[in-house]
Novice: 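Below is a structure I'd like to ask you about.
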Amino acid sequence: MDDASLEHTPTWVVAAVCLVIVSVSLAAERFLHYLGKALKHKQQKTLYSALQRLKEELMLLGFISFILSLSQSFIVHICIPETATHFMLPCKRENHKVVEEGAIVCKKKGDVPFLSLEALHQLHIFIFVLGLVHVVFCATTIFLGGAQIRRWKHWETGIHRDIQKKLEVLQTDIVGNATPLHVLLRRNHQRELVSERTEGFWKQLAVVSWIIAFSKQFHDSVGKSDYEALRSAFVLIHYPSHPNFDFHKYMTRALEHDFKRVVGISWYLWLFVILFLLLNINGWHTYFWLAFLPLFLLLVVGAKLQHIITRLAQEAAASLADKTNQVPNIKPSKEHFWFGKPSIVLHLIHFILFQNAFEIGFFFWVLVTYGFDSCIMEKKAYAISRLVIGLIIQVVCSYITLPLYAIVTHVNSVKYSLPTASTV
């Protein structure tokens, strides 16, 4: 039985389907519109820019889907030799079915369609699922990253109280060349970090310091001593006359700016998607090995950021040993990053978040389109483990790695002005 065209479909069915599609689309568009107005009202310019970029990515996905729909009649009538479809297959197939289907579309004997109508429909679904998962994971990233930075708020409040109390005493007690601000911020806030990261001969060993940095990213990645030391270093360099500078608010702005940079889908990420679709060949287990790539990069990036903090503490301890400083003096520097470029780390975080979203989206696309028993899924235990690993990567990267990058990187320079006064 042939499928009925719109000419022979009841008008109430057509109208009902259009009503549902238009209603859902308008609801989504209005939600994004009012979300943007709320962000502008709260002067969240960076998050508003991130939202605009996300809308651009959704528009791009919609345009890709539109191009596929517009060109599907042309694509399905492109015929190629049946022998050209014998290799680079995601799953094994029965060739006689391909020949039978090709005989319906292609006039030349032995030719088959370049891409079937059913495959085009499944590709549409893949684009939709990829866009949906990308949006959900972007929202998860900003939510978890913000939750981590909100934990630092009570540390900032405590520092302000402590500074205010001790400043009153130091203003009357301290004499000499050392200013009360230097003594106040360095002695109390940096010495603890230097002690934690450098005390003990074994901590001076490069291998041991890397092992400690690797393990610390999973436990108390940004501790109170880390926050206080990096905050004091930032304030002493950029706001020496304002010890009550709201560093927490600055970190919030820094995270929002970083989120704006990782929310989009850059051209090289699209190349990665195309490369994966090309190499997803039966027997290569590409989908299985792909799960380990973001996990490996995440562990490397997290360890690198932790090791940078350790290096800063070691340099401060060395200055004490040389008696060039009476108190620790942490000096952030871009030289501690790969090739002296912190942006490399952010590009890796961007790739980790996108690749992880792509893998989870691909998982649900296969599940919806082909079912759990598809050959692409391979063994069920592998499929479930990949899903669990993907969720863990999303949580760790959003809640730990991205905020850690923000505080380690942006403590080196002032890039974001605050709408309010510099002090609390």
Novice: Donor-acceptor check, side chain of R231 to backbone of F245, threshold 3.5 angstrom: yes or no?
Specialist: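 Yes; judged by distance alone, with no hydrogens or angles, the pair exists.
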
Novice: Give me the atom names and distance for the closest heavy-atom approach of Y370 to Q122.
Specialist: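 Answer, listing the atom of Y370 first, then Q122: OH-OE1, 2.7 Å.
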
Novice: Of the options L295, T401, L402, which is the one that meets V396 in a side-chain contact (heavy atoms from CB on, under 4.5 Å)?
Specialist: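 The side-chain contact (heavy atoms from CB on, under 4.5 Å) with V396 is passed solely by T401 among L295, T401, L402.
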
Novice: Kindly compute the distance separating CD1 (I400) from CD (Q306), expressed to the nearest 0.5 Å.
Specialist: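 Here the rounded value is 9.5 Å.
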
Novice: Scan for salt bridge (charged side-chain N to carboxylate O under 4.0 Å, His left out) pairs involving residues 210-219, sequence neighbours excluded, and state none if there are none.
Specialist: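 Every pair satisfying salt bridge (charged side-chain N to carboxylate O under 4.0 Å, His left out) with a residue in residues 210-219: K216-D226.
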
Novice: Restricting to non-hydrogen atoms, name the atom on V235 and the atom on H242 that form the minimum distance, rounded to 0.1 Å.
Specialist: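 In terms of heavy atoms, the two residues are closest at CG1-O, 3.5 Å.
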
Novice: Sort out for me which residue in L275, L279, V273, I274 forms a side-chain contact (heavy atoms from CB on, under 4.5 Å) with L277.
Specialist: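 When L275, L279, V273, I274 are each tested with L277, the side-chain contact (heavy atoms from CB on, under 4.5 Å) holds only for V273.
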
Novice: Verify the neighbour count for atom NZ of K224: are there more than 12 heavy atoms of other residues, nucleotides or ligands below 6.0 Å?
Specialist: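 Not buried by this count: 12 neighbours or fewer within 6.0 Å.
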
Novice: Considering all heavy atoms of both residues, which atom of H307 and which atom of S209 are nearest to each other, and what is their separation?
Specialist: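 Nearest pair, atom of H307 first, then S209: NE2-OG, 3.3 Å.
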
Novice: Search all heavy atoms of A383 against all heavy atoms of F372 and return the closest pair with its distance.
Specialist: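 Closest approach of A383 to F372, heavy atoms only: CB-CZ, 4.2 Å.
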
Novice: Less than 4.5 Å apart, any side-chain heavy atom of M88 and any of L278?
Specialist: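 SC-SC contact between M88 and L278 confirmed.
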
Novice: Could you tabulate the donor-acceptor pairs under 3.5 Å formed by side-chain atoms of residues 345-356, not counting sequence neighbours?
Specialist:
residue	atom	partner	partner atom	Å
H347	ND1	Y268	OH	3.4
H350	NE2	V262	O	3.4
H350	NE2	G264	O	2.6
N356	ND2	G390	O	2.8

Novice: Contact between Q394 and T141 at the side-chain level, heavy atoms closer than 4.5 Å - yes or no?
Specialist: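 Yes, their side chains come closer than 4.5 Å.
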
Novice: Does Q148 have any side-chain hydrogen bond (donor to acceptor under 3.5 Å, both in side chains) partners at least two apart in sequence or in another chain, and if so, which?
Specialist: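 Residues passing side-chain hydrogen bond (donor to acceptor under 3.5 Å, both in side chains) with Q148: R151.
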
Novice: Does the side chain of T157 come within less than 4.5 Å of K153's, by heavy atoms?
Specialist: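 Sidechains of T157 and K153: in contact.
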
Novice: Tell me whether the rings of Y227 and W152 are parallel (<30°), tilted (30 to 60°) or perpendicular (>60°).
Specialist: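 Y227 vs W152 ring planes: tilted.
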
Novice: Angle between ring planes, F362 versus F126, binned at 30° and 60°: parallel, tilted or perpendicular?
Specialist: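 It falls in the perpendicular class, over 60°.
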
Novice: Report yes or no: does S221 contribute a side-chain atom to a donor-acceptor pair with the main-chain N or O of F218 at less than 3.5 Å?
Specialist: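 No, the answer is negative, given that no donor and acceptor are paired below the 3.5 Å cut-off.
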
Novice: Compare all side-chain heavy atoms of Y405 with those of P342 and state whether any distance is below 4.5 angstrom.
Specialist: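 Yes, their side chains come closer than 4.5 Å.
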
Novice: Just how far is it from atom CG of L387 to atom CZ of F363, taken to the nearest 0.5 Å?
Specialist: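 CZ of F363 is found 4.5 Å from CG of L387.
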
Novice: With no hydrogens and no angle check, just 3.5 Å: does a side-chain donor-acceptor pair link E315 and H336?
Specialist: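 Checked: E315/H336 side chains pair up, N/O donor to acceptor below 3.5 Å.
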
Novice: Within a reach of under 6.0 Å around CZ of F276, are more than 12 heavy atoms found that belong to other residues, nucleotides or ligands?
Specialist: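 Count over threshold, so yes.
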
Novice: Does NE2 belonging to H121 count more than 12 external heavy atoms closer than 6.0 Å?
Specialist: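 Atom NE2 in H121 is not packed in, count stays at 12 or less.
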
Novice: State, yes or no, whether a side-chain contact exists between V411 and I237 at a heavy-atom distance under 4.5 Å.
Specialist: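 The answer is no; the side chains never approach within 4.5 Å.
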
Novice: Indicate the atoms forming the closest heavy-atom contact of R261 with S343, along with that distance.
Specialist: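 The pair with the smallest heavy-atom distance is NH2-CB, 4.1 Å.
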
Novice: Using side-chain heavy atoms (C-beta onward) and a distance below 4.5 Å, is Q314 in contact with R311?
Specialist: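 Q314 vs R311: side chains touch.
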
Novice: Determine the minimum heavy-atom distance between S69 and H124, stating which atoms define it.
Specialist: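 Nearest pair, atom of S69 first, then H124: OG-NE2, 2.9 Å.
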
Novice: To the nearest 0.5 Å, what is the distance between CG (L70) and CZ (F63)?
Specialist: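 These two atoms lie 9.0 Å from each other.
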
Novice: Examine the side chains of E156 and H160 and answer whether a donor and an acceptor come within less than 3.5 Å of each other.
Specialist: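 The answer is yes; a qualifying pair exists.
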
Novice: Are F234 and I407 side-chain neighbours, meaning at least one heavy-atom pair lies under 4.5 Å?
Specialist: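 Not in contact.
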
Novice: Kindly indicate whether the side chain of I127, heavy atoms from C-beta on, has any atom under 4.5 Å from the side chain of W365.
Specialist: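 No, too far: nothing below the 4.5 Å cut-off.
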
